[in-house]
Each structure stands twice: as C-alpha cells, then as structure tokens.
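One structure is given below, encoded as structure tokens.
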2 protein chains.
Amino acid sequence: MVDTQDTASRARTRQAIIDAAIAVLGKNLSAPLSEVATAADVGRTTLHRYYPERSDLLSAVRAESVLRLERATEHARLDEGTGAEALHRLCEEYFELGDVLSLVFGDPHCLEEVDRGQSGAEDRFKAVVERGHRDGSIDPELPATWLESVLWSQLYAAWSYVTDSGESRHHVLRLMLRTLAGAVSPPP
Amino acid sequence: MVDTQDTASRARTRQAIIDAAIAVLGKNLSAPLSEVATAADVGRTTLHRYYPERSDLLSAVRAESVLRLERATEHARLDEGTGAEALHRLCEEYFELGDVLSLVFGDPHCLEEVDRGQSGAEDRFKAVVERGHRDGSIDPELPATWLESVLWSQLYAAWSYVTDSGESRHHVLRLMLRTLAGAVSPPP
DNA sequence: CCGTATTGGAACAATCATGTTCCACTCGGG
DNA sequence: CCCGAGTGGAACATGATTGTTCCAATACGG
C-alpha cells in the first residue's frame with residue numbers, strides 16, 4: 001500500500017496474478033500459493049511481493065470479482081422489460097464471468113462482500129423479483145432470497161458442466177436459460 | 001482390517017465419527033482432522049485408531065454416503081408414474097440426506113464413487129429422464145446429464161438455504177420441488 | 001548504452017496438519 | 001469387585017505451506 005502507483009509492467013503482472021488466482025482458487029479455495037504462482041507464470045517470490053499474505057491475495061481477488069459482477073450487472077439493464085426478462089439477461093451476463101462463478105459460489109465470504117461492496121445489490125435483485133411477481137412473469141410463491149440461491153447454483157452448475165462435459169458454452173447457456181425460465185415462471 | 005468385528009461400543013464410536021465427518025467435511029472438505037474429532041466428541045487419538053490415515057476416513061465417509069444414497073434411491077421407486085414424478089420423489093428422498101448433500105456436491109470424487117458403487121446409478125437416472133421425455137412430463141430438449149447437474153445443484157442450494165436462512169426444511173423442500181418441476185417440464 | 005526497475009531462485013525460519021507412540025484413566029461386563 | 005476393552009492427553013517426528021531475506025540475472029526506459 002506504500003505506493004498506490006503501478007508502472008505498466010507492474011500492472012500487467014498484478015493482473016496476471018489475479019487472473020490466475022481466480023482460476024486456481026475457483027477450483028480449490030485452499031490451493032497452495034505455489035500453484036497460483038505457477039499458473040500466473042510468475043515466481044512465488046514475486047507473488048509475495050505483490051500480496052504479502054494469503055489474505056491480501058484473497059481480498060484482491062474478491063475485490064476484482066465484485067468489480068466484474070458490478071460491470072455485468074450494469075450490462076444486464078435490470079430495469080428494462082419484465083422481471084423474468086431481467087433475470088434472463090442477468091444470467092447471460094453472469095455466465096460470461098466464467099471462473100469467477102466457481103470462486104464466488106465456493107467462497108461464502110465472497111457473496112457477503114458483493115452485497116456490501118455493490119451498493120444494495122441484494123435490494124436491487126429483490127426489486128427485480130418483486131417486479132416479476134407483479135407483472136406475472138415470476139411465480140409469486142418464490143421469494144427473492146430463494147431465487148437468488150437458485151440463480152447462483154444454476155450458474156455454477158452450468159459453468160461446471162461446460163468445463164467438464166466439453167459442451168460449447170453457448171449450448172450450455174441455452175440449457176441453463178431454459179431450466180431457469182421454467183423454474184421461475186408461474187405454473188400454468 | 002485385522003478384526004472385522006466391532007463390539008457394540010466400537011460400532012457406536014465409529015458411527016459418531018462418520019456422522020461428524022460428514023457434517024464437518026461437508027462444510028469444508030479440507031478441514032483438519034482435529035475438527036472432525038472435536039465434532040465427534042472424540043480424541044484425535046481415537047480417530048486415528050479407527051481411521052489411520054485421512055484417506056481411510058474419506059473412503060469410509062464416501063462409502064457411507066453411497067449407502068445412504070442407495071437407500072434413498074430405493075425409497076424413491078423410480079419406475080413408478082411419469083418421469084417427472086419419479087424425479088420429484090427422488091428429490092424428496094435425497095433432500096432428507098441433509099449434510100450428505102453438501103459432501104457429495106463438494107467432492108468431485110464422490111459422485112464418481114456413487115456411479116461405480118451403485119450398480120448403474122447413472123443409467124437408471126438416464127432411463128427415468130428418457131421415460132419423462134416420452135411421456136411428455138420432461139422437456140425433451142433437456143438431456144439427462146444436464147438434468148443431473150440441475151438436480152444436484154438445486155438440492156445443494158436448498159440444503160444450504162435451510163442451514164443458513166433458518167427456514168423450515170419442509171418449506172424449503174416445497175420451494176425446491178416447485179422450481180425443479182418448472183425447470184424440467186416442457187414449455188407451454 | 002547505461003542504470004534502474006522488476007524478476008526468479010535458493011535458502012531459511014515458523015507454523016500447521018498429520019501420523020505415531022506411550023501411558024494413565026475409566027467404564028462396563030462378568 | 002476386578003479386569004480388560006476402549007479412550008484421551010501429551011509428546012514427538014515428519015512433511016507441506018507460508019512468509020522472509022538476499023542476490024544474481026534480465027528487461028526496460030531514458
């Protein structure tokens with residue numbers, strides 16, 4: 001924290017470390033730091049230079065995840081169309097985050113962080129669901145908190161399915177959007 | 001393995017260890033053995049007496065999980081009614097397994113184990129889904145492998161929701177069965 | 001081309017989970 | 001009541017991960 005300034009070179013290294021950390025720690029949150037270093041194509045010494053303690057790296061990784069989630073949420077334009085349509089777009093955007101999904105899903109602390117970091121993320125989600133309840137696109141018996149769980153678990157399931165079933169991202173995204181649409185829509 | 005016999009007392013201790021291990025390792029697969037021992041209300045020494053190495057404990061825990069899954073599967077009477085009804089019953093039964101869900105979901109090795117242990121578990125599941133495709137109760141665009149992912153992720157989400165939202169098991173089960181029913185049924 | 005910034009490797013201490021051994025305690029069945 | 005099965009605690013060795021230090025090599029900008 002001594003110098004907030006990063007030269008171009010340092011910025012690149014720092015980003016490489018974060019990216020590698022998201023990938024490695026996403027698969028296994030208690031993976032050794034040496035693995036992260038290797039994945040980042042960086043010496044373990046260098047890693048410690050940028051993030052002296054493991055917890056520092058974790059904080060940075062969580063912050064980066066929050067950042068990407070915020071951007072994705074913006075892209076989803078949550079206040080347009082029906083509630084269900086908004087959820088649909090939100091899933092499309094989140095799905096693109098790839099490894100971040102595994103990380104956020106596997107790290108209990110991370111979701112709390114998202115709610116604190118992103119101003120009122122939880123409230124915004126709740127608002128979307130309740131709009132869906134009113135406009136008839138979302139089953140009113142399903143509370144926002146439960147749908148949040150469903151959304152995250154499906155995203156995680158879909159991303160895992162991509163990585164270890166070999167199906168194309170696009171195809172799996174279609175599958176997930178279909179099951180999710182069915183899950184939230186009111187029964188006929 | 002010297003004596004396959006357990007006295008009543010040893011059997012009780014062994015079971016306490018397994019139960020504690022399922023609970024603790026379900027929350028965190030790389031939790032230290034001392035935590036398992038504490039949760040089982042047993043000395044670390046005793047734990048090592050029953051399961052000399054960590055891998056021995058893991059094997060035993062996986063075996064117990066497979067056993068419980070087998071029993072639950074039997075109770076579900078997979079060959080009765082429509083495919084969707086069979087899935088519905090399967091979820092009800094699996095949901096009762098509680099902590100086992102977290103464990104199986106969090107341990108990649110465990111599901112493979114289930115498939116090897118339980119004779120053709122994967123095939124039986126596939127058969128149910130395909131029956132559902134034919135009888136019109138399950139959307140034919142959703143392959144069995146994807147539905148298996150959805151089922152497990154929803155079970156995990158539901159169980160987590162119970163443990164850290166405080167809602168009653170029964171209520172959450174209802175929520176889950178509703179979202180799952182919507183997810184698998186063909187679109188109107 | 002020079003000098004500084006950045007890096008990677010080696011060697012080290014500290015910590016923690018694991019696995020082992022030994023011994024004293026106690027609980028329960030005969 | 002007594003004896004053995006079962007247990008728990010303490011102490012120890014080991015290996016892996018973490019965090020630190022120092023130094024030589026290299027890359028990069030001026």
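Predicted model, so just to flag it, every value in this text is computed and none were measured. First the proteins, then the strands, lettered A, B, ... as listed; each starts at 1. Heavy atoms only: backbone and side chains are in, while hydrogens, waters and symmetry mates are out.
For the OP1/OP2 pair of D:dT7 and a distance below 4.0 Å, the side-chain nitrogens and oxygens of B:Tyr50 include at least one atom meeting the criterion. The shortest distance between the side-chain N/O atoms of B:Thr46 and the OP1/OP2 oxygens of D:dT7 is not below 4.0 Å.
Atom CZ of B:Arg174 has 12 or fewer neighbouring heavy atoms from other residues, nucleotides or ligands inside a 6.0 Å radius.
No engagement by A:Asp56 is indicated, since no non-hydrogen atom pair under 4.0 Å with the nucleic acid exists.
Between the C1' atom of C:dT18 and the CG atom of B:Leu57 lies a distance of 13 Å, rounded to the nearest Å. Rounded to an integer number of Å, the gap from CZ of B:Arg54 to P of C:dG19 is 8 Å. Protein atom CG of B:Asp6 is 8 Å distant from nucleotide atom P of D:dG6, rounded to whole Å. Rounded to an integer number of Å, the gap from A:Arg10 CZ to D:dG29 C1' is 16 Å. To the nearest angstrom, P of C:dA17 lies 16 Å from CG of B:Leu58. One interatomic measurement links the two molecules: CD of B:Glu53 to P of C:dT20, which rounds to 6 Å at whole-angstrom precision. At whole-Å resolution of the value, CZ in A:Arg12 and C1' in C:dT7 are 13 Å apart. In this structure, B:His48 places its NE2 atom 15 Å from P of D:dT7, rounding to the nearest Å.
Scanning residues 24-35 of chain B for heavy-atom distances under 4.0 Å to DNA chain C yields B:Pro32, B:Leu33.
Under a 4.0 Å N-O distance rule, the pair B:Glu74/B:Arg124 qualifies as a salt bridge.
Residue whose closest nucleotide on DNA chain C sits further toward the 5' end, between A:Arg44 and A:Arg49: A:Arg49.
The base of C:dG9 sits within donor-acceptor range of the side chain of A:Thr45, with an N or O pair under 3.5 Å.
Closest to the side chain of A:Thr13, from the set C:dT7, C:dT18, D:dT7, is C:dT7. Listed candidates were D:dG19, C:dT6, D:dT7. Nearest to the side chain of A:Thr7 is C:dT6.
The backbone N or O of B:Ser9 lies less than 3.5 Å from a partner atom in the side chain of B:Thr13, making a donor-acceptor pair. Although no hydrogens or angles enter the test, the distance criterion places no donor-acceptor pair under 3.5 Å between the side chain of A:Arg178 and the main chain of B:Leu142. The backbone N or O of A:Ser160 sits less than 3.5 Å from a side-chain atom of A:Thr163, completing a donor-acceptor pair. Put simply, the side chain of B:Asp56 gets close to the backbone of B:Glu53: a donor and an acceptor are under 3.5 Å apart.
A:Tyr161 and B:Thr145 share a donor-acceptor pair across their side chains, judged by distance under 3.5 Å alone.
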